[in-house]
2 protein chains.
Amino acid sequence: MARGDRSALPGGTAMLVLALLQEREMYGYEIIEELEKRSDQVFQMKEGTLYPVLHSLEKEKLVTARDQEAPSGRKRRYYRVTAAGLQALEAKKEEWQVYARAVTAILTNA
Amino acid sequence: MARGDRSALPGGTAMLVLALLQEREMYGYEIIEELEKRSDQVFQMKEGTLYPVLHSLEKEKLVTARDQEAPSGRKRRYYRVTAAGLQALEAKKEEWQVYARAVTAILTNA
DNA sequence: ATAATATACCTAGATAATCTAGGTATAAGG
DNA sequence: CCTTATACCTAGATTATCTAGGTATATTAT
């Protein structure tokens, strides 16, 4: 549909991830669970989707990562959103709203 | 994200097309112009996206097509939504709303 | 004890939607 | 006459996501 950055649009995994991290740092597995819970089971993101997204967000410096052991003993990789990440989030949210408004305009047409 | 029919979701070209055809029959080029106009320039669907979608909608019997010459003399192919198409539209709209609500829930989180 | 499930990370290759970039042909406008 | 707009089309590239694996440790059930 030629609207530039498709990654900010539905299917916009990055936007959802950044939105969660805005609140607090989280590790991958936790992100999947939170998305599922907060979306009332609508989002069931696959690991094969999330982990590559996290890696590319890290490469773009929109998040930083650190390893930490859980009390249980399992290793977790926590992600924290950067200032650039917050900026990117705002841009993606705006794009989402433009897109959602446009869809609504078509669906509630004459 | 594993929600079954990805085609009903943003990027859901088929839903937008069916929504327009609900109103009246249209030809391909017209659909592109209408989407652009009604979305306030947000949707700028490419011909390479639309025509294949129209062909697959026709194969699925969600639309029917007929050729008609314009007063200008150019040949146009008009598409009309079928009863099955209207049903599909309702399903896609419902899916869209579930999806949009879920996104909103994440974006307006705690 | 041990088997199964849940947690936690990862990647390679397949699938599917959309775009790019062409092609054809006619009509209208400069 | 030449360019732009209209109007249709398709093949191949791109990209997001999924499938389907793999590894390893912790918890729960049998």
_Contact summary for Glu30(A) and Glu25(A), nearest pair of heavy atoms_ = OE1-O, 4.4 Å
*Starting at CD1 of Ile32(B) and ending at C1' of dC9(D), how long is that distance when rounded to a whole Å?*
12 Å
*Going by the side chain to side chain contact (heavy atoms under 4.5 Å, CB included) test, name the single residue among Leu20(A), Val42(A), Leu50(A) that passes it with Leu35(A).*
Leu20(A)
Which atom pairs link the protein and nucleotides 26-29 of chain D when you take only N or O atoms and keep those under 3.5 Å?
unit_1: dA26(D); atom_1: O4'; unit_2: Arg74(A); atom_2: NE; d: 3.4
unit_1: dA26(D); atom_1: O4'; unit_2: Arg74(A); atom_2: NH2; d: 3.4

*Quick one: Met26(B) CE to dA7(D) P, roughly how many Å, whole number?*
13 Å
*Measure from CD on Glu69(B) to P on dC8(D) and round the result to the nearest Å.*
12 Å
*Identify whether the distance between the nearest side-chain nitrogen and carboxylate oxygen of Lys37(A) and Glu34(A) falls below 4.0 Å.*
yes
_Distance check needed: dC9(D) P versus Leu50(B) CG, whole Å only._
9 Å
*Quick one: closest heavy-atom pair of Leu89(A) and Leu18(A), and the distance?*
CD2-O, 3.9 Å
*asked:* Is Tyr27(A) close enough to dC9(C) that one of its side-chain N or O atoms is under 4.0 Å from OP1 or OP2 there?
replied: no
*Rounded to whole angstroms, how far apart are CD on Glu34(A) and C1' on dT7(C)?*
15 Å
*By ring pair (Phe, Tyr, Trp, His ring centres under 6.0 Å) - contacts of Tyr29(A) (at least two apart)*: none
*Integer-rounded Å distance: dT7(C) C1' and Ile31(A) CD1*: 15 Å
*So what does Gly28(B) touch, heavy atoms closer than 4.0 Å: a base, only the sugar-phosphate, or nothing?*
sugar-phosphate
_Minimum heavy-atom distance between Gly28(B) and Leu54(B), given as atom pair plus value_ = CA-CD1, 4.0 Å
*Work out which heavy atom in Ile32(B) is nearest to a heavy atom in Glu47(B); give both atom names and the distance.*
CD1-CG, 3.8 Å
*How close do Leu21(A) and Tyr79(A) get, heavy atom to heavy atom, and via which atoms?*
CD2-O, 3.5 Å
*Can you check the Glu25(A) CD to dA8(C) P distance for me, whole Å?*
14 Å
*Options dA7(D), dT7(C), dC8(D), nucleotide nearest the side-chain atoms of Glu33(A)*: dT7(C)
*Heavy atoms under 4.0 Å, any strand shown: does Glu30(A) hit a base, just sugar-phosphate, or nothing?*
nothing
*Look at the side chain of Arg76(A) and decide which nucleotide, out of dA8(C), dC8(D), dC9(C), has an atom nearest to it.*
dA8(C)
*Any idea which heavy atoms bring Arg38(B) and Ala105(A) closest together, and the distance?*
O-CB, 3.6 Å
*asked:* In whole Å, I'd like the distance from the OH atom of Tyr29(B) to the C1' atom of dT4(D).
replied: 10 Å
_Close residues, residues 51-62 of chain A, relative to DNA chain D [heavy-atom separation under 4.0 Å]_ = none
